[in-house]
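Working notes, beginning with the structure itself.
Note: hydrogens, waters and symmetry copies are ignored here, and every other heavy atom, side chains too, is used.
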Amino acid sequence: MKPKMFVATRQGLILAERRENGWRADRHSLDEQPITSVAVSGDVILAGARQGIYRSSDAGDTWQQITAGLTTPYVRWLAIHPDIPSLAFAGTEPAGIFVSQDSGETWRERPGVAALREKHDWFLPYSPGAGCVRGFAFHGKHVYAAVEVGGVLVSDDHGETWQLAEGSSGDPGMHQDEPLVHPDVHSIVLHPGSTDLVFAPTGGGFYHSADGGSNWKRIYPSCYCRAVWVDPGDPDHIVLAPADSVDRNGRIEQSRDGGRSWRAASNGLEVPWRRHMVERFLQVGDELLAVLSNGELIVAPLESLQWERVSLGGKDVTAVAFTRG
């Protein structure tokens, strides 16, 4: 069956389908609502926004605004556990983590995160919010979360309790040395082959941990980055989206040797982009999608990384998710 893609934009949600001539918009939902994130499992769609979560149980035909238990309404990221379709996670601004065990109908805040936020004075350089949670990664009962600006959080009980990774101090000060991870963590990737292989794009370089977040090594030091893709079959194959600083001279590079060397992977693109960069990568089948910070969406075959623009009607894309049709 053909994959279907759900595209969060600043003007609503788009359902797109993969056709012979590329991805094409099929229908629109939540028109005029600025959507920050989207997560999909079967017919259940969760769409994050500043004012909470919109939920559909019929693949987007009808929607319900969810508020039960969501005491912090500004949702920055949503994720559904890949092995447990009913288990959903919401990361918020100010930094908080909410968990749902009923496919997003009701939510419970995990209070340990707020306690860490207050203890370490997490912050955001562009907002009055006290940090934000902007990414999750899963491996069985182990869950990781990315905090901007705060560090890496870990849970070993399906997200019920959270603590700082051993190699994450929780101190939002920007000058920290290895083996600590830089605290400005923008996303987190956990390799499916091991709970020990963790990757973190940050405001102070690209970091890798081989021991579950206890010790970190910066394997692309001189960059600001938000997005990474790690080959599920080969953790040494990495596609990274570095920039010189925030939205400055963005580009795409890849490594085949675990980050020891890097080469350009921007075929078809005029890079570096002077004023934008990649926000997120998402693999869909044998393709890699990239959400750019200027609201564009691009796609490339993983084999060639020859990129082209996905045209979905000029919407400002913020996030993507997909499911099989």
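Residue pairs meeting the salt bridge (Lys or Arg N to Asp or Glu O under 4.0 Å) criterion with at least one partner in residues 229-244, sequence neighbours excluded, are Asp244-Arg251. Within the structure, side chain to side chain donor-acceptor pair (under 3.5 Å) contacts touching residues 116-130 (residues at least two apart or in different chains) are Arg76-Tyr126, Glu93-Ser127, Tyr126-Glu148.
Using modelled atom types and a 3.5 Å distance limit, the side chains of Tyr220 and Glu253 yield a donor-acceptor pair. Of the N and O atoms on the side chains of Gln176 and His182, not one donor lies less than 3.5 Å from an acceptor on the other residue. No donor-acceptor contact under 3.5 angstrom links the side chains of Glu105 and Ser100, judged on distance only. One side chain, Glu287 or Trp23, offers a donor N or O that lies under 3.5 Å from an acceptor on the other. In this structure, a donor-acceptor pair under 3.5 Å is present between the side chains of Gln33 and Tyr54.
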With a cut-off of 3.5 Å and sequence neighbours excluded, list every side-chain donor-acceptor pair involving residues 264-273.
| from | atom 1 | to | atom 2 | distance (Å) |
| --- | --- | --- | --- | --- |
| Ser266 | OG | Ile252 | N | 3.1 |
| Ser266 | OG | Ile252 | O | 2.9 |
| Asn267 | ND2 | Ser304 | O | 3.3 |

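For His186 (side chain) and Cys225 (main-chain N/O), a donor-acceptor pair under 3.5 Å exists by modelled atom type. Without hydrogens or angle criteria, Arg110 side chain to Glu160 main chain gives a donor-acceptor distance under 3.5 Å. Remark: the backbone N or O of Leu13 is not paired with any side-chain donor or acceptor of Ser29 at under 3.5 angstrom.
The number of heavy-atom neighbours closer than 6.0 Å to CZ of Arg275, taken from other residues, nucleotides and ligands shown, is 12 or below.
Here the side chains of Leu153 and Val147 are in contact, with some heavy-atom distance below 4.5 Å. Side-chain contact between Phe98 and Thr92: present, with at least one pair of heavy atoms (C-beta onward) separated by less than 4.5 Å. For the pair Val181/Ser209, no side-chain contact is recorded, criterion being any heavy-atom separation below 4.5 Å from C-beta on.
Taking a cutoff of 4.0 Å between a charged side-chain nitrogen and a carboxylate oxygen, Asp184 and Arg226 do not qualify as a salt bridge. By the 4.0 Å N-to-carboxylate-O rule, Glu32 lies too far from Arg10 to be salt-bridged with it. Comment: Lys217 does not engage Glu178 in a salt bridge, judged by the lack of any side-chain N to carboxylate O separation of less than 4.0 angstrom. Using a cutoff of 4.0 Å between basic side-chain nitrogens and carboxylate oxygens, Arg19 and Asp26 are scored as salt-bridged.
For the side-chain contact (heavy atoms from CB on, under 4.5 Å) with Phe281, the qualifying choice from Leu288, Leu289, Val320 is Leu288, the only one to do so.
For the atom pair CG of Asn215 and CG of Leu180, the computed distance is 9.0 Å after rounding to the nearest 0.5 Å.
Ring geometry, Phe138 versus His81: the interplanar angle falls from 30° to 60°, so the pair is classed tilted. Ring orientation note: the planes of Phe89 and Trp162 are nearly perpendicular, at an angle over 60° on the 30°/60° scale.
For Gln283, the side chain to side chain donor-acceptor pair (under 3.5 Å) partners two or more places apart in sequence, or in a different chain, are Trp229. Residues meeting the salt bridge (charged side-chain N to carboxylate O under 4.0 Å, His left out) test with Arg27, sequence neighbours left out: Asp61. Legend: residues meeting side chain to side chain donor-acceptor pair (under 3.5 Å) with Asp83, ordered by chain and number and at least two apart, are absent.
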